[in-house]
Number of protein chains: 2
Amino acid sequence: MVRRGSRGKGAEKRERILRAAIKIFSHKGFFNSKISDIARSAGVADGTIYLYFKNKDDLLISLFEEKMAEVVADVRGRVAAGNGALSRLKIFIENHMSLLVREAGLIEVLQVELRQSNKFMKEYVPVKFLEYLDVITEILELGKREGTFRQDLNVRMARRAVFGALDEIALAYVLSRKRKYDPADAAAEIYRMFSEGLCTKAQNREGRT
Amino acid sequence: MVRRGSRGKGAEKRERILRAAIKIFSHKGFFNSKISDIARSAGVADGTIYLYFKNKDDLLISLFEEKMAEVVADVRGRVAAGNGALSRLKIFIENHMSLLVREAGLIEVLQVELRQSNKFMKEYVPVKFLEYLDVITEILELGKREGTFRQDLNVRMARRAVFGALDEIALAYVLSRKRKYDPADAAAEIYRMFSEGLCTKAQNREGRT
DNA sequence: TTTTGGTGAATGATGATTCATTCAAGAGGG
DNA sequence: CCCTCTTGAATGAATCATCATTCACCAAAA
């Protein structure tokens, strides 16, 4: 018997299906993607997908949660390396933009399907996505403690604003075939917009990195 | 014979269908909405919808374009009343957040379906949405001319950042049943984040409204 | 031989779209 | 003023294609 845990051949096949799902969903969107497309792309039979996932919805949600978990763990590690809130914010923004290149398909799926699922799959709470937002929250709170950021900054609002700006720019990048700008430049620009907007006046008057 | 131009009973019926579509799409999402749902809600027969719209996709797109055209014309008028880029930016942000209350259904549809359509309906270019972004662009360019905003501000990027921040916060508002915050407060917060981030240092050192 | 993962054709539901038919209202003739 | 007649809007039941999901069966491993 082949076990289907986190180790062994089963896990490998499951992973193949997830990768294929990312590819197909990112090309056609969830509703236009057929299970048989995904199966073909993964090199398995249609029915096999149902051995690993409850149904099509479950496939999408598993994809969100598992891949986002990796992204969150990864960015947490990177951010921790920065010292000070500004440095960490910079790392976070740069990492997000570089995901566009490293994990293009995944980001495309997240961007167009997350909202849908978020809104219409009643029982689904995007836990891992919220954790991603938490990483921003932690940076902002650190900044307030440090005195780098305004004391009256509304953290809940600011983290949405930061994520929203990143996400929208990422979306523009993904949608434009022409790839009009460089993600690294975009990161620098966004960082500047927010750091100069979030810093105390004292910080603004002095020179900053 | 009843004509179906922009005047007369035909237009009224068409409008009823559009309003019903907004209601149903915003509740269930495009793919989960049945034409028969919309027909019932509009008080017409299924087939009637095909007298006014080519197909389901066309219904969604017409909805985008026509309703966004109204929103764009409206915000243009309001923004023109402000003098100076900062004042205009403030008006734009406040108007966007107040749309959440005035046009809740429409905004919900735009937020979750626009990305989808944008990405997957190959021929569709969201003209009216781009015009909405142009309103921001014009404000930013005015600010640069005036000297209120940094000369090296990347307008294309900044307008996406502004829209993205607004959109994300609007989304959080729409998704949370609990209505955790007041759109007017949110507008003030966002305005502050961007104005302090976009202004030249000279502006920052002096007092501002 | 038994067990289990894997298969993919068959099933059944769903829902967009069509189209034969109905209906209402104006036109014109007597 | 009344009675056809014509026209096209409106209807909604029927059609038809499309998949998600199931399940009877197969092959390899134990």
Side-chain angles (χ1 to χ4, degrees), chain A residues 1-25 27-63 109 113 116-117 120-121 123-124, chain B residues 1-25 27-63 109 113 116-117 120-121 123-124:
Chain A
M1 184 195 73
V2 178
R3 295 211 34 79
R4 276 182 293 140
S6 51
R7 308 212 167 279
K9 287 184 103 176
E12 185 194 345
K13 185 159 292 191
R14 186 188 153 94
E15 185 60 29
R16 275 225 312 283
I17 295 171
L18 279 180
R19 256 200 292 279
I22 290 175
K23 183 169 157 196
I24 303 293
F25 287 158
H27 283 337
K28 308 198 182 193
F30 179 73
F31 288 101
N32 296 316
S33 298
K34 297 175 240 178
I35 286 291
S36 57
D37 292 341
I38 295 169
R40 185 163 353 97
S41 170
V44 300
D46 295 12
T48 306
I49 291 180
Y50 291 84
L51 297 176
Y52 294 91
F53 302 94
K54 194 145 51 70
N55 53 37
K56 198 182 168 189
D57 285 4
D58 182 50
L59 175 55
L60 179 65
I61 288 177
S62 301
L63 185 163
V109 177
E113 309 301 341
Q116 280 275 355
S117 326
F120 300 113
M121 293 168 107
E123 5 60 60
Y124 171 57
Chain B
M1 186 193 74
V2 179
R3 296 213 33 79
R4 274 181 296 140
S6 50
R7 308 215 165 278
K9 287 185 100 176
E12 186 196 343
K13 185 159 291 188
R14 186 189 153 94
E15 185 61 29
R16 274 224 312 283
I17 294 171
L18 279 180
R19 255 200 292 280
I22 290 175
K23 184 170 155 196
I24 303 293
F25 287 160
H27 283 338
K28 309 199 186 191
F30 180 74
F31 288 102
N32 296 316
S33 298
K34 297 176 237 178
I35 287 289
S36 56
D37 292 341
I38 295 169
R40 187 167 346 101
S41 170
V44 301
D46 295 13
T48 305
I49 290 179
Y50 290 85
L51 297 177
Y52 294 90
F53 303 94
K54 197 144 49 68
N55 52 38
K56 197 182 171 191
D57 286 4
D58 182 50
L59 176 55
L60 181 65
I61 289 177
S62 302
L63 185 163
V109 177
E113 308 301 340
Q116 281 276 354
S117 324
F120 299 114
M121 294 169 98
E123 3 64 58
Y124 172 56

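Values reported hereafter were calculated over all heavy atoms of this structure, with side chains retained and with hydrogens, waters and symmetry mates removed. Throughout, a chain's letter reflects where its sequence line sits, starting with A, and its residues are numbered from 1.
Between B:Y52 atom OH and D:dA10 atom P there is a gap of 4 Å when expressed in whole angstrom units. Protein atom NZ of A:K54 is 16 Å distant from nucleotide atom P of D:dA20, rounded to whole Å. For A:K28 and D:dA20, the NZ to P distance is 11 Å, given to the nearest whole Å. The distance between atom OH of B:Y50 and atom C1' of C:dT17, rounded to the nearest whole Å, is 5 Å. To the nearest angstrom, P of D:dC19 lies 8 Å from NZ of A:K56. One interatomic measurement links the two molecules: CZ of B:R14 to C1' of D:dA10, which rounds to 17 Å at whole-angstrom precision. Going from atom CG of A:N55 over to atom P of C:dA13 covers 18 Å, rounded to whole Å. Summarising the geometry, the separation between CD1 on A:I24 and C1' on D:dC19 is reported as 15 Å, rounded to the nearest angstrom.
Formation of a donor-acceptor pair under 3.5 Å by the A:K28 side chain with backbone atoms of A:K34 is not found in this model. At least one donor-acceptor pair closer than 3.5 Å links the side chain of B:S117 to the backbone N or O of B:E113. Side chain of B:K13 to backbone of B:Y52: no donor-acceptor contact under 3.5 angstrom is found.
For B:K13, a side-chain nitrogen or oxygen approaches OP1 or OP2 of D:dA10 to under 4.0 Å. The phosphate of C:dT7 (OP1 or OP2) has a side-chain N or O of A:T48 nearer than 4.0 angstrom.
Among D:dA20, D:dG12, C:dG8, the nucleotide with an atom closest to any side-chain atom of B:D46 is D:dG12. Nearest to the side chain of A:I35, among D:dT21, C:dG15, C:dT7, sits D:dT21. With D:dA10, C:dT7, C:dA16 as the choices, the nucleotide that has an atom nearest any side-chain atom of B:L51 turns out to be D:dA10.
When all heavy atoms are compared, the tightest approach of A:I35 to A:D46 is CG2-O, 4.3 Å.
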